[in-house]
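The structure under discussion appears below in the form of structure tokens.
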Number of protein chains: 2
Amino acid sequence: MRVIHHPDIHEIALANLLYALGDPVRLAIAQRLACEGDLPCCELDVSVPKSTLSHHLRIMREAGLLYCRKEGTQHINSLRRAELESRFPGLLENILQAAQVEDAATPSA
Amino acid sequence: MRVIHHPDIHEIALANLLYALGDPVRLAIAQRLACEGDLPCCELDVSVPKSTLSHHLRIMREAGLLYCRKEGTQHINSLRRAELESRFPGLLENILQAAQVEDAATPSA
DNA sequence: TTGATTGTTCGACTTTTTCGAACTAACGAA
DNA sequence: TTCGTTAGTTCGAAAAAGTCGAACAATCAA
């Protein structure tokens with residue numbers, strides 16, 4: 001497996017960040033990581049095949065939204081919550097809250 | 001010209017909203033409308049041809065981000081700022097502020 | 001009617017997304 | 001070591017979305 005690139009906090013572009021969150025699958029992943037803490041890919045239980053999941057996670061990584069570290073055979077993903085807070089104060093937390101507002105309004109599961 | 005559809009405030013999905021803002025051209029349009037107030041398409045001065053602009057504005061409209069009304073020969077665009085504030089408190093304002101943070105950090109023009 | 005301005009729609013081309021199949025990496029057990 | 005299992009990535013082809021010039025439609029003013 002190749003070296004995984006993570007952008008420096010100052011290289012993170014707002015439009016990329018919003019793009020990374022502007023997909024139902026990726027937004028759900030962000031919510032889950034926010035609630036549950038760090039998780040390996042296999043515990044994200046999304047509704048897409050693993051090749052597609054891999055693609056979504058790459059977009060999120062390259063946008064600067066999450067950090068990925070290797071632990072044995074798994075890849076642990078974590079939101080870059082504190083870093084993002086320092087670069088765009090309130091932004092991620094506000095989006096996560098909006099996601100909960102939406103979930104509360106649409107009680108699906 | 002066909003009737004323009006605007007989604008009801010409760011139909012607005014967060015992921016669509018973030019997607020609509022997750023493009024540099026569209027984010028710039030949102031910023032400009034936030035600063036200058038309502039504007040016709042021709043005064044948005046974006047760097048894309050008008051057919052592409054028309055496409056971007058449709059995505060923003062259908063996401064529920066902006067409202068478009070006809071006035072004579074022009075189409076006046078306005079952010080659905082108050083409505084969005086009631087549905088997702090703080091969200092749009094926070095994103096607009098983050099956009100300014102980014103602009104301040106990267107003084108291009 | 002003619003001309004100017006504003007914006008949408010069409011069609012072709014390019015880019016991005018999706019997903020199964022094949023592959024690589026790390027680990028445990030025999 | 002070798003085999004088997006689990007975890008993820010990469011490849012390649014098909015589908016979907018974005019881009020942009022050209023043609024079109026709507027409004028207004030000579």
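Bear in mind the structure is a predicted one, so any value in this text is a computation, not a measurement.
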B/Ser78 vs B/Leu66 side-chain heavy atoms within contact, under 4.5 Å: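 No - every pair of side-chain heavy atoms lies 4.5 Å or more apart.
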
Whole angstrom is fine here: how far is it from [atom1] in [X] over to [atom2] in [N]?
X	N	atom1	atom2	result
B/Arg58	D/dG18	CZ	C1'	11 Å
A/Leu53	C/dA21	CG	P	18 Å
A/Ile29	D/dG8	CD1	C1'	14 Å
A/Arg69	D/dA7	CZ	P	16 Å
B/Leu57	D/dT19	CG	P	12 Å
A/His55	D/dC11	NE2	C1'	14 Å
B/Asp45	C/dT6	CG	P	13 Å
B/His5	C/dT8	NE2	P	16 Å

Do any side-chain nitrogens or oxygens of [X] fall under 4.0 Å of OP1 or OP2 in [N]?
X	N	value
B/Ser54	C/dT8	yes
B/Tyr19	D/dG18	yes
B/Thr73	C/dT5	no
B/Lys50	C/dT8	no
B/His75	C/dT8	yes

Return the minimal non-hydrogen interatomic distance between [X] and [Y], and the atom names on each side.
X	Y	value
B/Ala20	B/Leu65	CB-CD2, 4.4 Å
A/Cys68	A/Arg61	CB-CD, 3.6 Å
A/Leu14	B/Ala98	CD2-C, 3.8 Å
B/Pro7	B/Ala63	CG-C, 4.3 Å

Those residues that, when tested against B/Gln31, pass side-chain hydrogen bond (donor to acceptor under 3.5 Å, both in side chains) (two or more places apart):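 Listed in chain order: B/Asp103.
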
5′-ward residue of the pair A/Asp23/B/Ile76 relative to DNA chain C: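 It is B/Ile76 whose nearest nucleotide is closer to the 5' end.
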
Contact nearer the 5' end of DNA chain D, comparing B/Glu71 with B/Arg26: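 Comparing both residues, the 5'-ward one is B/Arg26.
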
Of the candidate nucleotides [options], which contains the atom at the shortest distance from the side chain of [X]?
X	options	result
A/Ser51	D/dT10, D/dT27, D/dG8	D/dT10
B/His56	D/dG8, D/dG18, D/dT19	D/dT19
B/Arg61	D/dG8, C/dT5, C/dT8	C/dT8
B/Pro49	D/dC20, D/dA7, D/dT10	D/dC20

Carboxylate-amine/guanidinium contact A/Arg58 A/Glu62, below 4.0 Å: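 Looking at A/Arg58 and A/Glu62, the cut-off is met.
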
A/Glu71 and A/Arg69 ion-paired at < 4.0 Å: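 So A/Glu71 pairs with A/Arg69 through a salt bridge.
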
Identify all pairs in which a protein N or O lies below 3.5 Å from an N or O of nucleotides 12-14 of chain D, and state each distance.
none

What does the list of N/O pairs under 3.5 Å between the protein and nucleotides 11-15 of chain C look like, with a distance for each?
none

Sole candidate of B/Asp45, B/Ile29, B/Ile76, B/Leu33 that passes side-chain contact (heavy atoms from CB on, under 4.5 Å) when paired with B/Leu39: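 Exactly one pass, corresponding to B/Leu33.
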
Face-on cation placement of A/Arg81 at A/Tyr67 ring, 6.0 Å and 45° thresholds: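 Cation-pi check for A/Arg81 and A/Tyr67: fails.
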
